[in-house]
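Below is one structure; the comments refer to it alone.
Computed from a predicted model, the values in this text were never measured in an experiment.
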Amino acid sequence: MRVTEDLGSSHGWRLRRGVLDDGREVFAKTGAASEVFASEAAGLRWLGEAAAVPEVIEVGPERLVLSWVRQERPDAAAAERFGRSLARLHRAGAPGFGAPWAGFIAELPMDNSPCADWPAFYGDRRVLPFLRLARLPAADVALVERAVGRFTDVAGPAEPPARIHGDLWSGNVLWSGGEGVLIDPAAHGGHRETDLAMLELFGLPYLDRALGAYREEWPLAEGWRERVPLHQLHPLLVHVVLYGGSYRESLMRAVRRVLAL
């Protein structure tokens, strides 16, 4: 690969644009040997069975090479197509809650081993491990643990495992060819409301149009809007771990809303 542009770094990885000998443009992410690249590649290939993603060209312990995505400005029509595509992705389903590959969000490992139901998976595999890393005051920890104890009661109607992106903030949706292309997944079998809550947390162009199209394609269970804070607990904890106390109040506000459900 001939490097044509240095794109800087993210979470300790070097990011580069390049050209292969056959003329294809690619994106390369390199860093210290880790399972993270294999995990990302597995997630992209799995999501790619039902959604638009970059092609995985090469993956190894120290490098991931993907096809280059030419970006464009989104419009309302593209957002609606993305909403329908996301619903179809979720509906493609998963064998269970979890995944057969190691989980990561940014550089942080996540346990993808299966659980029998989503509330148990979300509490035991997502929220509680990051609570232990977050270094919150004891009173905050106690409130989060109370919220986890209510997951079964407030999770809404049981749904089969959805095929979810798992880290679906706006920066992980690239707009190209009139649709949204998914990158940097933390893919696993989870609850479809998790992806939607992540979009609500950090925004997306024409989000209302995307959500409306999603609901036309696959209606959501009653009460889904009230459950948004439940699904935001994990990403907010991740941000506390990565970036510190500036996200603490947002986290605790979501915790209090969960306890009020």
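Annotation: side chain of Trp46 is not in contact with side chain of Pro185 (no heavy-atom distance under 4.5 Å). The side-chain heavy atoms of His188 and Ile164, taken from C-beta on, include a pair separated by under 4.5 Å. Contact check for Phe27 versus Leu7: side-chain heavy atoms found under the 4.5 Å cut-off. Taking the side chain as every heavy atom from C-beta outward, Leu230 and His191 never approach each other to under 4.5 Å. Residues Leu168 and Leu182 have side chains in contact (heavy-atom distance under 4.5 Å, counting atoms from C-beta outward). Asp124 places a side-chain heavy atom less than 4.5 Å from the side chain of Leu128. Residues Lys29 and Leu66 are not in side-chain contact: their nearest non-hydrogen atoms beyond the backbone lie 4.5 Å or more apart. A 4.5 Å side-chain heavy-atom check between Leu201 and Leu236 finds at least one atom pair inside the cut-off.
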Go through the steps for Glu107 and Val36 under the test side-chain contact (heavy atoms from CB on, under 4.5 Å), then give the verdict.
CA-CA 7 Å; Glu107 73 272 28; Val36 69; over 6 Å; no
Could you go through the side-chain contact (heavy atoms from CB on, under 4.5 Å) check for Val26 and Val19 one step at a time?
CA-CA 6 Å; Val26 295; Val19 178; over 6 Å; no
Can Cys115 and Arg125 be said to form a side-chain contact (heavy atoms from CB on, under 4.5 Å), step by step?
CA-CA 9 Å; Cys115 278; Arg125 305 285 190 260; 3.5 Å; yes
Dump the intermediate steps for side-chain contact (heavy atoms from CB on, under 4.5 Å) on Leu143 and Leu259, then the final yes or no.
CA-CA 8 Å; Leu143 283 177; Leu259 289 171; 3.9 Å; yes
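Across all their heavy atoms, Trp101 and Ser39 have their closest contact at CD1-OG, 3.8 Å. Shortest non-hydrogen contact noted between Ala79 and Tyr206 is CB-CB, 3.5 Å. Scanning all heavy atoms of the two residues, the minimum distance from Trp224 to Glu193 falls at CB-OE2, 3.6 Å. Between Val59 and Ala41 the shortest heavy-atom distance is CG2-CB, 3.8 Å. Residues Leu64 and Phe37 approach most closely at CB-CD2, 3.9 Å, considering heavy atoms. Across Ala254 and Pro229, no two heavy atoms sit closer than the pair O-CB, 3.8 Å.
A 6.0 Å sphere centred on CZ of Arg146 holds no more than 12 heavy atoms belonging to other residues, nucleotides or ligands. Counting non-hydrogen atoms of neighbouring residues, nucleotides and ligands closer than 6.0 angstrom, the CD atom of Glu25 exceeds 12 such neighbours. Atom CG of Asp21 has 12 or fewer heavy atoms from other residues, nucleotides or ligands within 6.0 Å.
When the side chains of ILVMFWY residues are joined at heavy-atom separations under 4.5 Å, either directly or via intervening members, Leu204 and Val181 end up in two distinct hydrophobic clusters. Both Leu242 and Leu233 are part of a single hydrophobic cluster, where members link through side-chain heavy atoms under 4.5 Å apart. At a threshold of 4.5 Å between side-chain heavy atoms, the hydrophobic network of Ile, Leu, Val, Met, Phe, Trp and Tyr places Leu89 and Leu196 in one connected group. There is a path of hydrophobic side-chain contacts, each under 4.5 Å, that joins Phe130 to Val127. By the rule that hydrophobic residues join a cluster once side-chain heavy atoms approach within less than 4.5 Å of another member, Val238 and Ile183 end up as members of separate clusters.
When atom types are taken as modelled, the side chain of Arg227 and the backbone of Glu222 share a donor-acceptor pair closer than 3.5 angstrom. At distances below 3.5 Å, at least one donor-acceptor pair connects side-chain atoms of Asn172 with backbone N or O atoms of Asp167. Between the side chain of Gln71 and the backbone N or O of Leu174, no donor-acceptor pair lies under 3.5 Å. Judged by distance alone, with hydrogens and angles left aside, the side-chain atoms of Asp195 form a donor-acceptor pair with the main-chain N or O of Gly166 at under 3.5 Å. Judged by distance alone, the side chain of Arg88 and the main-chain N or O of Ala51 form no donor-acceptor pair under 3.5 Å. Under a 3.5 Å cut-off, the side chain of Arg17 and the backbone N or O of Trp68 do not form any donor-acceptor pair. A distance-only check finds a donor-acceptor pair linking the side chain of Glu72 to the backbone of Gly177 [under 3.5 Å]. The main-chain N or O of His231 is found under 3.5 Å from a side-chain atom of Tyr122 such that the two form a donor-acceptor pair. No donor-acceptor pair closer than 3.5 Å links the side chain of His90 to the backbone N or O of Gly190. In this structure, Arg81 contributes its side chain and Ala76 its backbone to no donor-acceptor pair below 3.5 Å.
Aromatic rings from Phe104 and His11 are positioned such that their centres are separated by 6.0 Å or more.
Within the model, atoms NE2 of His239 and CD of Gln232 stand 11.0 Å from one another, a figure rounded to the nearest 0.5 Å. Put simply, CZ on Arg192 and CH2 on Trp118 are 13.0 Å apart, with the number rounded to the nearest 0.5 Å. Note that CG of Asp117 and OG1 of Thr152 are 6.0 Å apart. Values are rounded to the nearest 0.5 Å. Annotation: the span from Arg256 atom CZ to Leu251 atom CG amounts to 9.0 Å, rounded to 0.5 Å. Residue Arg16 holds its CZ atom at 12.0 Å from CD of Glu5, rounded to the nearest 0.5 Å. To the nearest 0.5 Å, atoms CG (Asn112) and CZ (Phe97) are separated by 13.5 Å.
Checked options Trp169, Tyr214, Phe82; the residue passing with Leu199 is Phe82 (criterion: side chain to side chain contact (heavy atoms under 4.5 Å, CB included)).
Between the side chains of Ser67 and Arg24, no donor N or O sits under 3.5 Å from an acceptor N or O.
Between Arg14 and Glu62, none of the side-chain N atoms (NZ, or NE/NH1/NH2) sits under 4.0 Å from a carboxylate O, so this pair counts as no salt bridge. A salt bridge links Arg163 with Glu49; the closest basic N to acidic carboxylate O contact falls under 4.0 Å.
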